[in-house]
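The structure under discussion appears below in the form of structure tokens.
Everything numeric here is computed off the predicted structure, so don't read it as measured data. Remember, it's 1-based here, ligands and their atoms both numbered in the order they're listed.
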Amino acid sequence: MDYVLNQERTAPTSPPKTVTRLGRRSFLKRLGWGGGALLPAATLVGSRIVSRAEMNNGLVRGDAALLRFLAVAEIIETDLWQQYNELALGNEAFQTALEVLDEDMPTYVNQNTRDEFSHQDFLNAYLVSKGRRPVNLEEFRTLPGSQATGANKTAKRLTNLTNLTVDTSWYTRYRSTGNPDFGDTFPQIVNLTNLPAIPEADLQVNSDVIQLIANTAAFHFATIEQGGSSLYDSFLPRAKSAEVLKIIAAIGGTEIQHFEVWQDKAGNAPPVPLATGTLFPTLPHSPDQEPNGVDPADPIDTNQVMARPCKFISRHLPLCSVIRPTSTAKAGAVAAATALTSSGLFTGQSDTFFEMLFELAKQADEVSRES
Ligand SMILES: [Fe+2]
Ligand SMILES: [Fe+2]
């Protein structure tokens, strides 16, 4: 099996050494995120010098704001997936626990990580090709990572996977006829509160504690990818150029593909017992997986993995199998940034990081096709 990850990257630009408390606009402008900055007459894209003459068809400001936030989201995704990848491939206890769900889990983690690198690199290179500066979050790479075998112990991270509260309501949402865009809410299928999703140090193979971590990670995989699916879909009606629409639809499509795989695998998570009772419950398996099962499948059975038809556009139209939510309020950039923040993914990050994240999210959500 090929576990080699292609990490060919575009050349990062150096962020400023210090960030003082200037206004947010000027802070973003200095980092090249202010929206208007053009590149010099020639610049580096990957290993190739690109002249201004090649940067035709300039990107309108709104489309640039959408792509800039997506680049931020993809850099964040890449950072967290890279941490999972190191441990899924290099830590025996974590790998073995993931394989309890499906023996292909480690290679699927690796493939998802590869895809995230390609998303961040493509979006930044596209911005550069249109005369816009790429997004660079290197100055925020300050968090310590896992010290377990397999992890790059000296690498600094953007994200924190050691104390997550994972929203598992996508499980019941995608098995329901409700839709958050209509105000519907959905219960958690598992309560995963303040739990690590990676081993911080080496743990015993086949222990309950590493299985709980792997189960948490498996649900987090799907949580991240369904959020990406909704985020991309929320941007679609607001992009102006046909090429940007194509980019959002095509990359967003792979987020959906990832989610679908992960929600199927998460359903295989085994119960994890504690001396005082079950910590991770038995998920609602389909009767056809039980001996002598005769009852019809329940909508929340683990094998009900295709998106159930739900309310869409209007209550007066037929139910339709779609990504949900897709509204700016429920699925847009601020909603995504809020959900990631409240999950604990950025625990330890600086105030400047959150200012950057929410300012760029706000700029993206303000874009309309007509503007
Ligand atoms: Fe992605
Ligand atoms: Fe993704």
Side-chain angles (χ1 to χ4, degrees), residues 5-10 66-88 98 104-127 134-137 157-161 164 166-168 170-171 173-174 197-198 216-236 239 244-266 305 307 323-326 331-333 335-337 339-341 343 345-346 357 360-361 364:
L5 185 64
N6 179 0
Q7 296 193 21
E8 197 178 335
R9 312 282 297 280
T10 50
L66 295 177
L67 294 182
R68 196 170 285 114
F69 185 79
L70 291 177
V72 170
E74 294 294 348
I75 292 169
I76 289 167
E77 273 199 295
T78 302
D79 181 83
L80 71 90
W81 275 110
Q82 173 63 9
Q83 294 183 64
Y84 283 133
N85 185 63
E86 291 170 12
L87 292 157
L98 287 175
D104 283 329
M105 287 284 272
T107 192
Y108 290 173
V109 169
N110 182 249
Q111 291 167 41
N112 203 136
T113 308
R114 172 203 63 197
D115 295 354
E116 305 305 354
F117 271 102
S118 79
H119 292 167
Q120 69 162 26
D121 290 352
F122 179 89
L123 288 168
N124 262 343
Y126 184 81
L127 284 164
V135 173
N136 186 328
L137 302 187
R157 317 290 185 169
L158 287 170
T159 61
N160 186 334
L161 297 172
L164 289 180
V166 181
D167 178 8
T168 65
W170 49 262
Y171 183 101
R173 185 196 329 143
Y174 272 98
I198 52 171
T216 302
F219 269 83
H220 190 233
F221 298 165
T223 301
I224 288 294
E225 298 303 316
Q226 62 81 33
S229 305
S230 283
L231 174 67
Y232 274 86
D233 270 15
S234 83
F235 281 10
L236 273 175
V244 171
L245 269 172
K246 180 187 243 186
I247 291 168
I248 294 173
I251 297 180
T254 66
E255 303 294 338
I256 296 166
Q257 188 187 36
H258 294 161
F259 166 56
E260 188 55 25
V261 168
W262 293 127
Q263 84 145 333
D264 188 25
K265 299 309 167 199
V305 294
I323 294 302
R324 80 286 310 247
T326 58
L340 292 173
T341 299
S343 76
L345 188 65
F346 304 130
L357 180 67
L360 292 183

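- A perpendicular orientation is assigned to the rings of Phe259 and Trp170, their planes being inclined by more than 60° (bins at 30° and 60°).
- One N or O on the side chain of Arg324 and one on the backbone of Arg173 form a donor-acceptor pair closer than 3.5 Å.
- Thr254 and His119 share a side-chain donor-acceptor pair at under 3.5 Å.
- Within the protein, the N, O or S atoms lying under 2.8 Å from the Fe ion (ligand 1) are Glu74 OE1, Glu74 OE2, Glu77 OE1, Glu116 OE1, His119 ND1, Glu255 OE2.
- Here the side chain of Asp79 pairs a donor or acceptor atom with the backbone of Leu158 at under 3.5 angstrom.
- Judged purely by atom type and a 3.5 angstrom limit, Thr78 uses its side chain to pair as donor or acceptor with the backbone of Glu116.
- Ring geometry for Tyr84 against Phe221 counts as perpendicular: the plane angle is over 60°, on a 0 to 90° scale with 30° as the lower cut.
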